Amino acid sequence: MRYELVIFDNDGVLVDSERLSNTILAGYLTELGHPTSYEDSLRDFMGAAVHRVHDLVHVRTGQRLPEDFDEVLHSRVFAAFERELTPVDGVVEVIEKLAADGVPYCLASSGSHERIRVGHRKTGLDRWFRHGEAEGGVGSVVFSAEDVGRGKPAPDLFLHAAERMGVDPGRCAVVEDSPLGVQAARAAGMDVYAFTAMTPAGKLPGATGYFARMAELPGLLGRSVA
C-alpha cells in the first residue's frame, strides 16, 4: 500500500445523498425567491459547506438568506435521509477491506457532524466511523468543515485530518466526487481519486485517477478487494 491514510468524502462517496440533498436545496432556494434548478445546485454547491450557499446568494442578489435557513434545510434533508438514504453501492466492501488490512482511513466532509451522524445511522455506516476525534493510527475518525475555518475548495479540512491522524499530506489519498473536493485535495498536496458515478471525469480535472465503480478503487489505491 503506497498510502498511509485514505481520506473519504462523505456525500456521494460513502452515502448516496447528493441527489436527495441537492433536489431539496434547489427547491428551497426557489421557494425563497432564488430560482435554482437541480443542475444549478450540483454545479454550484456539490461538495461545499452550507456557508457557500449563503455567500453565493448574497454575491449574486445582494440579499441574505433567512436566519433559520440552515435549520430548515437540515430538517428537510434529514427527513429525506431517514426515508430514502442508502450507502453508495460497493463502499462497505472497500471499507471492510481497508479495516481488515489495517489501512488507516478517516472521513473529511463539508457536511456538519450532525448531518454525517444522521446519514451513517440510517445506512449502518456508523459501524465503521467513530464520531469523535482520536489521536491517530488505524481509525475511522470523522472530520467536518465545522472543525476548520474554511471549507472546500480550501485545503484546510484535509490538512486538519492528516495532522490529527499523524500522517504527512503527501502520503494521503483522498476519495472525492466533486470539483470543489478535488481542488481541495490537490491544494493540500494529496493524491485524489475521483468517483465519476455522478460527475463525469471532464468536470473533475486534476485528479490522480478516476473510477466509476467502487470495486475499482482498491486497485487504484494499491490493493484489491477479495
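As the structure is a computational prediction, the values presented were derived from the model and not from experiment.
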Trainee: For Met190 and Ala162, work out which heavy atoms get closest and say how close.
Mentor: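 Of all heavy-atom pairs spanning Met190 and Ala162, the closest is CE-CB, 3.8 Å.
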Trainee: Is any side-chain heavy atom of Met46 closer than 4.5 Å to a side-chain heavy atom of Glu18?
Mentor: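 They are in side-chain contact.
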Trainee: Supply the atom-to-atom distance Asp101 CG to Glu96 CD, rounded to the nearest 0.5 angstrom.
Mentor: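 Rounded to the nearest 0.5 Å, the CG-CD separation comes to 11.5 Å.
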Trainee: Rounded to the nearest 0.5 Å, what separation is found between the OG1 atom of Thr199 and the CD atom of Glu176?
Mentor: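 Thr199 OG1 to Glu176 CD: 10.0 Å, rounded to 0.5 Å.
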Trainee: Nearest 0.5 Å please: distance from the CG atom of Asp16 over to the OG1 atom of Thr123.
Mentor: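 Nearest 0.5 Å value for the CG-OG1 distance: 10.5 Å.
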Trainee: Using atom types as modelled and distance alone, determine if a side-chain donor or acceptor of Ser109 lies under 3.5 Å from a backbone N or O of Asp9.
Mentor: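 Answer holds: no.
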Trainee: Just by distance, do the side chain of Lys122 and the backbone of Glu82 share a donor-acceptor pair under 3.5 Å?
Mentor: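 Present.
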Trainee: Should Tyr38 and Leu25 be counted in the same cluster of Ile, Leu, Val, Met, Phe, Trp and Tyr side chains packed under 4.5 Å apart?
Mentor: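 Each belongs to a different hydrophobic cluster.
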Trainee: Would Met165 and Ile7 satisfy side-chain contact (heavy atoms from CB on, under 4.5 Å), going step by step from the backbone distance to the final call?
Mentor: CA-CA 10 Å; Met165 296 296 288; Ile7 305 176; over 6 Å; no
Trainee: Compare all side-chain heavy atoms of Arg64 with those of His58 and state whether any distance is below 4.5 angstrom.
Mentor: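 In contact.
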Trainee: Measure across Ala108 and Ala161 and return the closest heavy-atom pair with its distance rounded to 0.1 Å.
Mentor: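 Taking every non-hydrogen atom into account, CB-CB, 4.4 Å.
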Trainee: Could you label the plane-to-plane angle of the Tyr105 and Phe8 rings as parallel, tilted or perpendicular, counting under 30° as parallel and over 60° as perpendicular?
Mentor: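 Geometry flag for Phe8 against Tyr105: perpendicular rings.
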Trainee: Start with the C-alpha gap between Val182 and Val174, add the side-chain angles, then the distance that decides, and say whether side-chain contact (heavy atoms from CB on, under 4.5 Å) holds.
Mentor: CA-CA 8 Å; Val182 171; Val174 175; over 6 Å; no
Trainee: Could you report the tightest heavy-atom contact between Thr61 and Val57, atom names first, then the distance?
Mentor: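 Closest approach of Thr61 to Val57: OG1-O, 2.6 Å.
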Trainee: Would you check if Val88 and Val13 make a side-chain contact, meaning some heavy-atom pair closer than 4.5 Å?
Mentor: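 Val88 does not reach Val13 side chain to side chain.
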Trainee: Given the side-chain rings of Tyr193 and Tyr210, with only the six-membered ring counted for Trp, is the space between their centroids under 6.0 Å?
Mentor: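 When the ring centroids of Tyr193 and Tyr210 are compared, they turn out to be at least 6.0 Å apart.
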Trainee: To the nearest 0.5 Å, what is the distance between CG on Asn22 and CG on Asp40?
Mentor: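 Going from the CG atom of Asn22 to the CG atom of Asp40 covers 10.5 Å.
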Trainee: Test your reading of the model: is there a side-chain donor-acceptor pair from Arg76 to the backbone of Ile24, 3.5 Å cut-off?
Mentor: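 The answer is no, because no donor-acceptor pair under 3.5 Å joins these two groups.
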Trainee: Rounded to the nearest 0.5 Å, what separation is found between the CD atom of Glu216 and the CZ atom of Phe195?
Mentor: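 CZ of Phe195 is found 9.0 Å from CD of Glu216.
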Trainee: Look at the side chain of Thr36 and the backbone N and O of Thr30, then say whether any donor-acceptor pair between them is shorter than 3.5 Å.
Mentor: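 Checking the backbone N and O of Thr30 against the side chain of Thr36, no donor-acceptor pair under 3.5 Å is found.
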Trainee: Run the salt bridge (charged side-chain N to carboxylate O under 4.0 Å, His left out) test on Asp55 and Arg52 for me, step by step, so that the C-alpha distance in whole Å, both residues' side-chain angles and the decisive distance to 0.1 Å come before the verdict.
Mentor: CA-CA 5 Å; Asp55 293 345; Arg52 180 177 171 86; over 6 Å; no
Trainee: If you take all heavy atoms of Phe45 and Leu56, which pair is closest and at what distance?
Mentor: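 Looking at all heavy atoms of both residues, the shortest contact is CE2-CD1, 3.5 Å.
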Trainee: Under 4.5 Å between any side-chain heavy atoms of Leu73 and Val53, yes or no?
Mentor: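 Answer no - side chains too far apart.
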Trainee: Please report the C-alpha distance between Leu32 and Gln63 in whole Å, then the side-chain angles of each, then the deciding distance to 0.1 Å, and finally whether the side-chain contact (heavy atoms from CB on, under 4.5 Å) criterion is met.
Mentor: CA-CA 11 Å; Leu32 292 173; Gln63 299 176 30; over 6 Å; no
Trainee: Can you give me the closest heavy-atom contact between Arg150 and Asp156, atom names plus distance?
Mentor: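 In this case the closest contact between Arg150 and Asp156 is NH2-OD1, 3.0 Å.
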Trainee: Can you name the closest pair of heavy atoms from Glu4 and Pro104 and give their distance?
Mentor: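 Of all heavy-atom pairs spanning Glu4 and Pro104, the closest is O-CG, 3.3 Å.
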Trainee: For Asp11 and Ser17, which I'm curious about, is there any donor-acceptor pair between the side chains at under 3.5 Å?
Mentor: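 Yes, because at least one side-chain N or O of Asp11 sits under 3.5 Å from a partner of the opposite role on Ser17.
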Trainee: Ignoring hydrogens and angles, tell me if any N or O in the side chain of Glu93 forms a donor-acceptor pair with the backbone of Ala215 under 3.5 Å.
Mentor: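 Absent.
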Trainee: At what distance, to the nearest 0.5 angstrom, does NE2 of His51 lie from OG of Ser110?
Mentor: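 Output value for this atom pair is 7.5 Å.
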Trainee: Would you say Asp168's side chain and Gly170's backbone share a donor-acceptor pair under 3.5 angstrom?
Mentor: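 Looks like yes, one N/O pair under 3.5 Å.
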Trainee: Report the C-alpha distance between Phe129 and Asn10 in whole Å, list the side-chain angles of each, state the deciding distance to 0.1 Å, and finish with yes or no for side-chain contact (heavy atoms from CB on, under 4.5 Å).
Mentor: CA-CA 11 Å; Phe129 289 92; Asn10 187 54; over 6 Å; no
Trainee: Give me the ring orientation class for Phe81 and Phe78: parallel if the planes are under 30° apart, tilted from 30 to 60°, perpendicular past 60°.
Mentor: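 Tilted.
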Trainee: May I ask you to establish whether Arg164 and Phe143 are in a cation-pi arrangement, using a distance under 6.0 Å from NZ or CZ to the six-membered ring centre and at most 45° from the ring axis?
Mentor: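 No - Arg164 does not lie over the ring of Phe143 by the 6.0 Å and 45° rule.
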Trainee: Hey, does Val192 have a side-chain heavy atom less than 4.5 Å from the side chain of Arg186?
Mentor: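 Contact flag for Arg186/Val192 side chains = yes.
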